[in-house]
Amino acid sequence: MNSMDRFGIWVVVILSVAQSSFGFYLPGSYPHKYEIGDYLNVKVNSLTSIETELPFTYYSLPFCKPSEGIKDSAENLGELLMGDRIENSPYRFKMFKNESEIFLCQTDKLSADSFKLLKKRIDEMYQVNPMLDNLPAIRYSKKDGYVLRWTGYPVGIKVQGVYYVFNHLKFKVLVHKYEEAANVARVMGTGDAAEVIPTIGKKNADDVPGYMVVGFEVVPCSFAHNGDSTKKLKMYERYTTPIKCDSISVSMSVKEGQSIVFSYEVSFEESDIKWPSRWDAYLKMEGSKVHWFSILNSLMVITFLAGIVLVIFLRTVRRDLTRYEELDKEAQAQMNEELSGWKLVVGDVFRAPSNPSLLCVMVGDGVQILGMAVVTILFAALGFMSPASRGTLITGMLFFYMILGIAAGYVAVRLWRTIGCGEHRGWMSVAWKAACFFPGIAFLILTTLNFLLWGSHSTGAIPFSLFVILLLLWFCISVPLTLIGGYFGAKAPHIEFPVRTNQIPREIPAQKYPSWLLVLGAGTLPFGTLFIELFFIMSSIWMGRVYYVFGFLLVVLILLVVVCAEVSLVLTYMHLCVEDYKWWWKSFFASGSVAIYIFIYSINYLVFDLKSLSGPVSATLYLGYSLFMVLAIMLATGTIGFLSSFWFVHYLFSSVKLD
């Protein structure tokens, strides 16, 4: 094979990988080929409820257990942190073989505790979440002429004071004829394409009909089996009498001391849905006009603020600077005596703020969080973190956050040296604080919430082994990288201030209105750019809906960055015009105050949208996670405001030649 042939093959490989990368699925996530008669095993995820937000393992309730024993599926870090516990189940099918009246098992007689727990889970509207070939079971229901889609099915239902359990499941599996594997697999001859590469003396595997799973539907039914006739039946044997699955009526009531018989049926249907489109049923975009309205709303706010910034720069600052530069020295000296507004604070504008190390640490952590958000959302928008790959979003966020510890340390230490006019002392302390400030607060909040989850025996609780792993990731990767970034920040030249700072601080004139009121009010504009998108994000987190419009989210994030920068810049200029030179912290909280409004919105969402949320534990979890989210948003948005204001003040006073 000559060099040109090799080059051509590698071009095909690279193009194929690029094509799969920019598709909706991660490279390497290939369709699975099932031949007729192959076994398909159903898995089950944790039981979930929007009433409590506390997930529990599937086998915490008296369901049938697989004969080979309960086994956990391979999970990533993100899945464990989200509370997912995917386990095997006794439900199994044969490809393209319709089966009905399949007996699964008859449970032991319900004890008082089991009966009480089952009733509690039915009251709390817990859902069972089966999965087949990584697809969650989808359930359709009609209401007021509309077709509603749900994932999973309820454990049971309460009718007129009587509890009924859904003990018979009617599955429908949609399949599509298997198509050839990706070209990259053919070229490279990997194991993923072994079944499509013909070998001499063997029958081509493509001649064997095969199918891919492209849909998984479930209809739950409550059917009263005859307990006596099932005693001699073994798992997967056929039930003696026909089972009529009617999702409207219920008949299997739950009683203490009574066993429950479980059964199922399955039918296969060939579908036109292709494998890359099989998630469309779950991700049907609803409310796209609302997303566009959110972006247009943000653009209007940005245009309004950009107009104000333009006026400040062109009509005010530029006019003053041009007029000043045109004067001769004598006129400049006379003008210096008649200075007003921001020009009066030239000797104090770069005076060190109170708690400078804390400001440096918060800005450094804000850069880390903002960088993590931008990179993660960008990768998600490109399709690298689709809902098909569970836990990859959380795993990706952790990975990018740890790597960007270098940026946090660098920014925090360099800002510290800039405020200290090049002083090296204390940079190691600032780097350590940057490495431990936000992660320490997050660890405190999550540990407190984890004790509540442990007490409730929820799968949402982080296992102790995972706790140790997170601590090791923090101290063995994140902290060293932050210290390395701090070292580079200490070696980098500090930013020199364009004017000298007076030894005696200038007195700030009395203001008509307290400055903090203006700072708090400034947060309303950034909040206005994201509150619509915030509803969809909150619904995804707390209502079990799938959020996947990361393209919209990326646009909203960019608009938010612009609005935060403009708001902080305008507010800093207003403070300087009234001779208030303490702009450091105010520029941070001018844009960071959006977090206050997000927290208020979170409480509003709890009261009006999560009205069914029951129990103090659930409410505490909600508020705890909201506080954690708000803290991260405050650091990120505050950093945007501070850095834009720092640039503005530095540019403004570097253009003025005042003694």
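These numbers come from the heavy atoms of this one structure, side chains and all, not from hydrogens, waters or symmetry mates.
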Mind checking the [atom1]-[atom2] spacing from [X] to [Y]? Nearest 0.5 Å is all I need.
{"X": "Leu571", "Y": "Leu576", "atom1": "CG", "atom2": "CG", "result": "10.0 Å"}
{"X": "Met131", "Y": "Glu87", "atom1": "CE", "atom2": "CD", "result": "11.5 Å"}
{"X": "Asp72", "Y": "Thr57", "atom1": "CG", "atom2": "OG1", "result": "9.5 Å"}
{"X": "Cys436", "Y": "Phe443", "atom1": "SG", "atom2": "CZ", "result": "11.5 Å"}
{"X": "Leu449", "Y": "Thr620", "atom1": "CG", "atom2": "OG1", "result": "8.0 Å"}
{"X": "Met634", "Y": "Ser593", "atom1": "CE", "atom2": "OG", "result": "10.5 Å"}

Side-chain heavy atoms of [X] within contact of [Y], under 4.5 Å:
{"X": "Glu533", "Y": "Leu553", "answer": "yes"}
{"X": "Met428", "Y": "Leu483", "answer": "yes"}
{"X": "Leu80", "Y": "Ile462", "answer": "no"}
{"X": "Phe642", "Y": "Leu415", "answer": "yes"}
{"X": "Pro136", "Y": "Asn129", "answer": "no"}
{"X": "Phe648", "Y": "Trp583", "answer": "no"}
{"X": "Phe437", "Y": "Leu358", "answer": "yes"}
{"X": "Lys582", "Y": "Ser515", "answer": "no"}

Inter- and intrachain pairs under side-chain hydrogen bond (donor to acceptor under 3.5 Å, both in side chains), touching [range], at least two apart:
{"range": "residues 348-364", "answer": "Asp348-Arg351"}
{"range": "residues 625-646", "answer": "Ser568-Ser645, Thr572-Ser645"}
{"range": "residues 427-454", "answer": "none"}

Quick one: list whatever passes ring-ring contact (aromatic ring centres under 6.0 Å, His included) with [X], sequence neighbours left out.
{"X": "Trp542", "value": "Tyr622"}
{"X": "Phe400", "value": "Phe379"}
{"X": "Phe497", "value": "Phe350"}
{"X": "Phe646", "value": "none"}

Non-neighbouring partners of [X] that pass side chain to side chain donor-acceptor pair (under 3.5 Å), sequence neighbours left out:
{"X": "Thr459", "result": "Ser46"}
{"X": "Asn134", "result": "Arg390"}
{"X": "Thr501", "result": "none"}

[X] side chain to [Y] main-chain N or O, any donor-acceptor pair under 3.5 Å?
{"X": "Ser456", "Y": "Ser458", "result": "no"}
{"X": "Arg414", "Y": "Pro493", "result": "yes"}
{"X": "Gln368", "Y": "Ala407", "result": "no"}
{"X": "His650", "Y": "Glu496", "result": "yes"}
{"X": "Tyr581", "Y": "Val346", "result": "no"}
{"X": "Thr376", "Y": "Ala373", "result": "no"}

Item to check | Derivation of the side chain to side chain contact (heavy atoms under 4.5 Å, CB included) call for Leu560 and Ile640 | outcome: CA-CA 10 Å; Leu560 177 66; Ile640 297 166; 5.7 Å; no

Checklist entry - Can you list the steps and then say if Leu525 with Glu566 is a side chain to side chain contact (heavy atoms under 4.5 Å, CB included)? => result CA-CA 10 Å; Leu525 291 172; Glu566 291 178 344; over 6 Å; no

So, for [X] and [Y], which heavy atoms are closest and what is the spacing to 0.1 Å?
{"X": "Ile419", "Y": "Pro353", "answer": "CG2-CD, 4.0 Å"}
{"X": "Pro480", "Y": "Ile477", "answer": "CD-O, 3.4 Å"}
{"X": "Met629", "Y": "Ser602", "answer": "CE-OG, 4.2 Å"}
{"X": "Ile445", "Y": "Gly624", "answer": "CG2-O, 3.6 Å"}
{"X": "Val413", "Y": "Ala490", "answer": "CG1-N, 3.5 Å"}
{"X": "Tyr410", "Y": "Ala492", "answer": "OH-CB, 3.7 Å"}

Next on the checklist: Before you tell me yes or no, could you show the steps for Ile394 and Leu77 under side chain to side chain contact (heavy atoms under 4.5 Å, CB included), namely the whole-Å CA-CA distance, both residues' side-chain angles and the distance that decides it to 0.1 Å?
Outcome noted: CA-CA 8 Å; Ile394 302 295; Leu77 193 62; over 6 Å; no

Checklist entry - What class does the angle between the rings of Phe589 and Trp585 fall in, given that below 30° is parallel, 30 to 60° is tilted and above 60° is perpendicular? => result parallel

Next on the checklist: Val630: which residues meet the side-chain contact (heavy atoms from CB on, under 4.5 Å) condition with it, sequence neighbours left out?
Outcome noted: Ala595, Ile598, Phe599

Next on the checklist: Other residues, nucleotides and ligands only: do more than 12 of their heavy atoms fall within 6.0 Å of OH on Tyr605?
Outcome noted: yes

Checklist entry - Counting only heavy atoms not in Met538, do more than 12 sit closer than 6.0 Å to its CE atom? => result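 Yes.
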
Next on the checklist: The criterion is salt bridge (charged side-chain N to carboxylate O under 4.0 Å, His left out); which residues satisfy it with Glu423, sequence neighbours excluded?
Outcome noted: Arg425

Next on the checklist: Using side chain to side chain contact (heavy atoms under 4.5 Å, CB included), reason through Ile532 and Val556 one step at a time and then give a plain yes or no.
Outcome noted: CA-CA 10 Å; Ile532 296 176; Val556 170; over 6 Å; no

